[in-house]
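A short worksheet on the structure shown next.
Just the heavy atoms: all of them, side chains too, but no hydrogens, waters or symmetry mates, feed the values below.
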Amino acid sequence: MFWWGRLRIQSKDPAVRRRAVEELGTTGDARAGFRLARTLQDPVDEIRRVSALALGRLCDARGVDPLIWALEDPNEDVGTSAARALGWI
């Protein structure tokens, strides 16, 4: 499933990317953290928000730095989600 999520996270369709991010956050696979950290830079606010939450669900300390960066996101919901995710790690 990890490879499928990786492919879909690159989709041009935001709905497909969102679903891929959600799925990667439930894998428990530490390799997903790198991909999720990159999606914190997605141009779509909702993708960044869901990415922050998914990264927190992995409970991997390597997600801390990207989430700290996301606290400063121009979209308040993304920053709030990053703060929540940091609490899970």
Side-chain angles (χ1 to χ4, degrees):
M1 169 140 105
F2 180 74
W3 67 271
W4 181 244
R6 275 188 14 207
L7 289 176
R8 293 184 344 165
I9 214 162
Q10 299 169 8
S11 172
K12 291 182 181 186
D13 182 344
V16 172
R17 289 197 314 273
R18 184 183 195 278
R19 184 72 185 135
V21 165
E22 290 172 340
E23 289 175 6
L24 285 174
T26 63
T27 64
D29 189 326
R31 295 176 298 169
F34 174 74
R35 296 281 177 197
L36 292 171
R38 291 183 65 192
T39 60
L40 287 171
Q41 299 173 28
D42 195 279
V44 177
D45 294 343
E46 179 64 8
I47 304 297
R48 295 193 312 274
R49 185 189 72 76
V50 173
S51 296
L53 294 173
L55 196 53
R57 284 190 194 98
L58 290 178
C59 295
D60 186 339
R62 290 175 288 190
V64 170
D65 287 340
L67 287 169
I68 289 173
W69 175 84
L71 290 171
E72 300 296 324
D73 193 276
N75 182 286
E76 184 178 329
D77 291 337
V78 175
T80 300
S81 295
R84 173 184 261 176
L86 284 166
W88 296 337
I89 296 177

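Taking OG1 of T27 as the reference point, atom CD of E22 lies at 13.0 Å (rounded to 0.5 Å). From R38, atom CZ reaches atom CD of Q10 across 7.5 Å, with rounding to the nearest 0.5 Å.
Residues V50 and I47 fall within the same hydrophobic cluster, defined by Ile, Leu, Val, Met, Phe, Trp and Tyr side chains chained together at heavy-atom separations under 4.5 Å.
Here the shortest heavy-atom pairing between D29 and R31 reads OD2-NH2, 2.6 Å. Shortest non-hydrogen contact noted between S51 and L40 is CB-CD2, 3.9 Å. The shortest non-hydrogen separation linking A15 to D13 is N-OD1, 2.9 Å.
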Under 3.5 Å, side-chain donor or acceptor atoms of residues 63-72 against the rest of the protein: list the pairs with distances, not counting sequence neighbours.
none

Donor-acceptor pairs are to be reported for all side-chain atoms of residues 80-89 against protein atoms at under 3.5 Å, with residues two or more places apart or in another chain.
residue	atom	partner	partner atom	Å
T80	OG1	E76	O	3.0
S81	OG	D77	O	3.0

Contacts table for residues 54-61: side-chain donor-acceptor under 3.5 angstrom, sequence neighbours left out:
residue	atom	partner	partner atom	Å
D60	OD1	R62	N	3.0
D60	OD1	R62	NE	3.2
D60	OD2	R62	NE	3.1
D60	OD2	R62	NH2	2.7

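Sequence neighbours left out, the pairs with a member in residues 39-50 that pass salt bridge (Lys or Arg N to Asp or Glu O under 4.0 Å) are R17-D42, R18-E46, D45-R48, E46-R49, R48-D73.
The hydrophobic cluster containing V16, built from Ile/Leu/Val/Met/Phe/Trp/Tyr side-chain heavy atoms closer than 4.5 Å, comprises no other residue.
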